[in-house]
Amino acid sequence: MLSMKWAVHLAMAGCLVSALAQAAEVYERVQVADAFLELHTGPGRGYPVTQIIERGAWIELLKRKTDWFKVRANGKEGWASREQIEATLTEAGVQKSFRDVLEEDYRRRRVEAGFSSGVLEGDSLMSVRVGYRMNDNFTAEIALARASGDYSTTTAYYVALVSQPFPDWRVSPFFSLGLGKYKNSPKATLVGAIETDSNTANAALGANYYFTRRFYMRGEFRRYIAYIDENRILPYDEMSLGFGVFIY
Amino acid sequence: MNRSIPFLLLSVLSVAQPIGAVEARAADTAPLPGSEQVIRPEIDRRDIRIPRIDTEDYEVGAYVGILSIEDFGARPVFGARLAYHVNEDYFVESVIAMSSISDEALCNNGLCVLPSRVEDLTYFAVSVGYNLFPSEVFIAKKYAMNASLYLLGGIGSTIYANESHFTGNIGMGIRILPKDWLAMHLTIRDFLFQSDFLGTSKITNNFELSFGMSVYF
């Protein structure tokens with residue numbers, strides 16, 4: 001009885017998937033306005049041109065891989081470059097244009113993620129972070145950093161507020177304040193080493209540089225203040241360079 | 001009798017909408033009762049909805065292989081990868097994999113370095129790839145598939161026995177696409193990290209050979 005129920009669920013899911021697939025069969029059509037459109041055998045400039053589509057024919061844009069479009073017309077299928085597709089006309093009769101990911105989108109980004117690498121007190125460090133841009137000047141971030149050294153491994157995670165006073169600059173400086181945890185575990189081979197697990201406040205100064213498309217580079221200098229106990233407050237310095245991607 | 005003609009004309013006109021000017025002139029010549037509007041053109045605005053083009057720049061997949069750790073031995077590795085193709089030449093990939101590391105051979109000779117005989121090993125890495133030789137491969141007479149030889153380089157971390165080591169990796173692989181959306185990879189990679197068991201700190205070369213499949217979406 002249970003297997004019957006699963007079979008019915010699977011059948012319904014299958015119907016839904018096939019319905020969706022059939023619903024997605026409508027492709028955008030553009031008309032070739034150049035003398036002819038060249039179709040390559042693969043999505044790359046090195047692939048040979050084996051077919052052409054002449055002026056006036058309507059082609060369907062099936063899919064896109066990076067800057068190449070798989071098109072279909074008159075029973076022929078092949079890959080056309082973006083430059084060629086840009087010269088075609090849409091159903092409305094105007095030239096086909098593409099909405100690139102522009103610097104404007106970078107300025108209006110809302111969710112971003114990044115990966116950086118650097119040095120923390122002499123140890124190689126890697127960190128990942130996710131940020132939410134609340135408005136033009138302020139971003140809330142959560143980050144995890146891990147440094148592996150000869151004698152110990154350090155893990156730090158924190159929540160930070162990043163302030164960008166000049167978000168419109170291509171190289172945009174920022175200042176950040178964060179709170180979190182700082183843990184240092186000495187290697188098992190060392191004898192008598194003490195593990196540190198403390199709260200931390202950290203401050204950073206850095207800059208973002210918009211690179212291309214969805215990528216931007218980020219460099220920063222961060223100082224962690226670890227509150228070991230009432231009497232000991234130790235600073236740890238980090239310098240890192242990395243890249244970020246913004247999602248939307 | 002006279003009143004039925006304009007009404008007949010009206011009904012004909014109201015049915016034949018897009019024809020336009022000829023009917024307008026015909027309506028002008030017919031006598032109009034009162035202040036009724038003769039023609040009520042009701043042409044709906046065409047709803048042109050352009051379907052989105054399916055972009056397949058992301059790749060997600062899994063791989064299996066053999067990872068050999070210098071001085072320890074070779075063990076199977078299972079990993080997952082996520083890649084983003086920036087353009088036809090470059091892509092960025094991130095991998096995370098699990099394997100194990102064993103010092104049994106060393107322990108049999110009296111040198112037991114790890115807390116237990118077999119320890120879990122995890123590594124993750126972010127790498128940049130370059131499609132060096134985009135190409136086409138042929139199988140027998142009938143099948144041709146797009147392929148590419150690529151180079152990889154990146155950084156990451158290898159974690160075992162509660163220690164994490166900053167790791168660099170270089171490698172190369174071949175990617176074959178039986179379908180546009182499906183890829184098969186054969187990759188060989190060298191993971192370099194500093195290890196200091198036996199007292200001396202040295203940079204170890206740890207090779208991995210893996211075979212994977214991934215899907216473009």
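Worth saying up front: this structure is predicted, and the values here are computed from it rather than measured. Chain letters run A, B, ... following the sequence lines, proteins first, then strands; residues in each count from 1.
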Rounded to the nearest 0.5 Å, what's the gap from CZ on B:Phe191 to NE2 on B:His165? Could you check?
14.0 Å
Does any heavy atom of chain B fall under 4.5 Å from the side chain of A:Phe243, the backbone, both, or neither of them?
side chain
Does the gap between the ring centers of A:Tyr210 and A:Tyr216 come in under 6.0 Å?
no
Quick check on the structure: residues of residues 170-178 of chain B within a heavy-atom distance below 4.5 Å of chain A, by number.
B:Leu177
Side chain, backbone, both or neither: which part of B:Tyr216 has an atom under 4.5 Å from a heavy atom of chain A?
side chain
If one checks every heavy atom of A:Ser152 against chain B at 4.5 Å, the contacting part turns out to be neither
Whatever's closer than 4.5 Å to a heavy atom in chain A on B:Val86 counts as both
May I ask you to decide whether B:Glu59 forms a salt bridge with B:Arg81, counting only side-chain N to carboxylate O separations under 4.0 Å?
yes
B:Asp180 versus chain A, the contacting section by heavy-atom distance below 4.5 Å:
both
Taking the six-membered ring for Trp and the single ring otherwise, decide whether the centroids of B:Tyr123 and B:Tyr160 are under 6.0 Å apart.
no
Testing the 3.5 Å rule here: is there a donor-acceptor pair between the side chains of A:Tyr157 and A:Arg146?
no
Could A:Arg72 and A:Glu77 be called an ion pair, given the rule that one side-chain N must be under 4.0 Å from one carboxylate O?
yes
Criterion ring-ring contact (aromatic ring centres under 6.0 Å, His included) against B:Tyr150, the qualifying member of B:Tyr130, B:Phe91, B:Tyr90
B:Phe91
ring-ring contact (aromatic ring centres under 6.0 Å, His included) partner of A:His40, the single match among A:Trp68, A:Tyr47, A:Trp79:
A:Trp68
Sort B:Ser135 into side chain, backbone, both or neither according to what part of it lies under 4.5 angstrom from a heavy atom of chain A.
backbone
Where on A:Ser185 is there a heavy atom nearer than 4.5 Å to chain B: the side chain, the backbone, both, or neither?
neither
Is B:Glu88 salt-bridged to A:Lys65, cutoff N-O under 4.0 Å?
no
Answer with side chain, backbone, both or neither: which region of A:Arg45 has an atom nearer than 4.5 Å to a non-hydrogen atom of chain B?
both
Say whether, by atom type as modelled, one donor and one acceptor occur between the side chain of B:Ser127 and the main chain of B:Leu152 under 3.5 angstrom.
no
